[in-house]
Number of protein chains: 2
Amino acid sequence: MIFDFPQLLKSLQLKVTPQRLAILESMSTARTYLSPEEVQGQVQLRAACKVGLPTIYRNLEELSSQGVISKILHPNRQLYYYFCANRDHHHHFVCLVCRTVQDIHDCGCAALAGQIDGQVDVHIMQALGTCRRCCNQNA
Amino acid sequence: MIFDFPQLLKSLQLKVTPQRLAILESMSTARTYLSPEEVQGQVQLRAACKVGLPTIYRNLEELSSQGVISKILHPNRQLYYYFCANRDHHHHFVCLVCRTVQDIHDCGCAALAGQIDGQVDVHIMQALGTCRRCCNQNA
DNA sequence: CTATTAAATCGAAATCATTTCTATTTAGAA
DNA sequence: TTCTAAATAGAAATGATTTCGATTTAATAG
Ligand SMILES: [Mn+2]
Ligand SMILES: [Mn+2]
Ligand SMILES: [Zn+2]
Ligand SMILES: [Zn+2]
């Protein structure tokens, strides 16, 4: 799967900066969710371009709020981010051992609106656990 | 609904301290979710007993991990807590305007385990929005 | 009712992920 | 090329949460 990141950024009304391209490049090739500091490390490795942590934070948040990447609410209370090519509404299962991510296609949230006396603006849904590979390695 | 908090604490293997009783008392009568600082304020008002913030934090976390109260993941990234008498597995809809909470009885998470290649240890699920009362007041 | 002790509390201080600030640079439009 | 709003960098601040060591206390047993 190949991404036209400059085009993507333009469509989001964001300037195409080397920093943003490096962040997107790193996120899209990561096989696990990453902390902002880890993203910085990846960027430095791959793009040999130094990007300040505030810039990383600002862009991860921007990309996340625009739906390009998704935010992982880790039990350790820090934020992690994950690039998911799947553009449809869906959620994630997160392996806390190896940090891989699986899509949850049927989150059952369609049934939500009906039972709420009010208007649902967002819903958070996340499953956390141990993937099969990691389960097997433990046993 | 009346609670035997001393008995509850004993069943959790926790010492029955005035601080804990004051915290439980305050939580159980609150009609909205509360921040740890707000819990401290309530405790001071009702019990006229000064409780340090670290004690509040420690106990809210303890009670939450034992399932006595539930944790609200607010978009502002701070933690809030809410006492819910409903002991069954369920989730919450949170009004971000007036901070009231509604139970979500059917979270659809039964369908979860089937589509995950691994073992789900916990799932987070929370709906955030505006309750009907608050919707109407805006319009 | 003491004595004992592990658990709990306290207040001050530390932590540290995240945000803010200001000066400087730069992408993109004209 | 010129211009300008947007973006970045680095240093510093923020502030919710946690840690620390000293002190108190609930619960248990004698
Ligand atoms: Mn996904
Ligand atoms: Mn509830
Ligand atoms: Zn795994
Ligand atoms: Zn409301």
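Keep in mind that what you see is a predicted model, and the values were worked out from it rather than measured. Protein chains get the first letters and strands the later ones, always in sequence-line order, with residue 1 at the start of each.
Among the atoms of the strands shown, only primed sugar atoms or phosphate atoms (P, OP1, OP2) are found under 4.0 Å from some heavy atom of A/Arg20. Using a 4.0 Å heavy-atom distance criterion, B/Pro6 is classed as making no nucleic acid contact.
The two residues B/Leu53 and B/Gln40 come nearest to each other via the heavy atoms N-NE2, 3.6 Å.
If you measure from atom CD of A/Gln40 to atom C1' of C/dA17, you get 13 Å, rounded to the nearest angstrom. One interatomic measurement links the two molecules: CG of A/Leu21 to P of D/dT8, which rounds to 10 Å at whole-angstrom precision. Remark: P of C/dC10 and OH of B/Tyr57 are 15 Å apart, rounded to the nearest angstrom. Spacing between atom CD of B/Glu61 and atom P of D/dT19 amounts to 11 Å, rounded to whole angstrom units. Look at CD on B/Gln19: it is 10 Å from P on C/dG11, rounded to the nearest Å. The distance between atom CG of A/Asn76 and atom P of D/dT18, rounded to the nearest whole Å, is 11 Å.
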Would you sort out whether B/Asn59 and B/Glu61 count as a side-chain hydrogen bond (donor to acceptor under 3.5 Å, both in side chains), showing the intermediate values? CA-CA 5 Å; B/Asn59 281 293; B/Glu61 185 51 37; over 6 Å; no
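For A/Arg20 and A/Glu25, the salt-bridge test fails: no basic side-chain N is under 4.0 Å from an acidic carboxylate O.
In this structure, A/Thr17 reaches the D/dT8 phosphate: one of its side-chain N or O atoms is under 4.0 Å from OP1 or OP2. Contact annotation: B/Arg77 reaches the phosphate of C/dT19 (side-chain N/O to OP1 or OP2, under 4.0 Å).
For A/Leu14, counting side-chain heavy atoms from C-beta on, the closest listed nucleotide (D/dA7, C/dT9, C/dG28) is D/dA7.
Taking the nucleotide of DNA chain D with the nearest heavy atom to each of B/Pro54 and B/Lys10, the more 5' of the two is matched to B/Pro54. For the pair B/Leu53 and B/Lys15, nearest-nucleotide mapping onto DNA chain C gives the more 5' position to B/Lys15.
Ring-plane geometry between A/Phe83 and A/Phe5 is classed as perpendicular, the angle between the planes exceeding 60 degrees on a 0 to 90 degree scale with a lower cut at 30.
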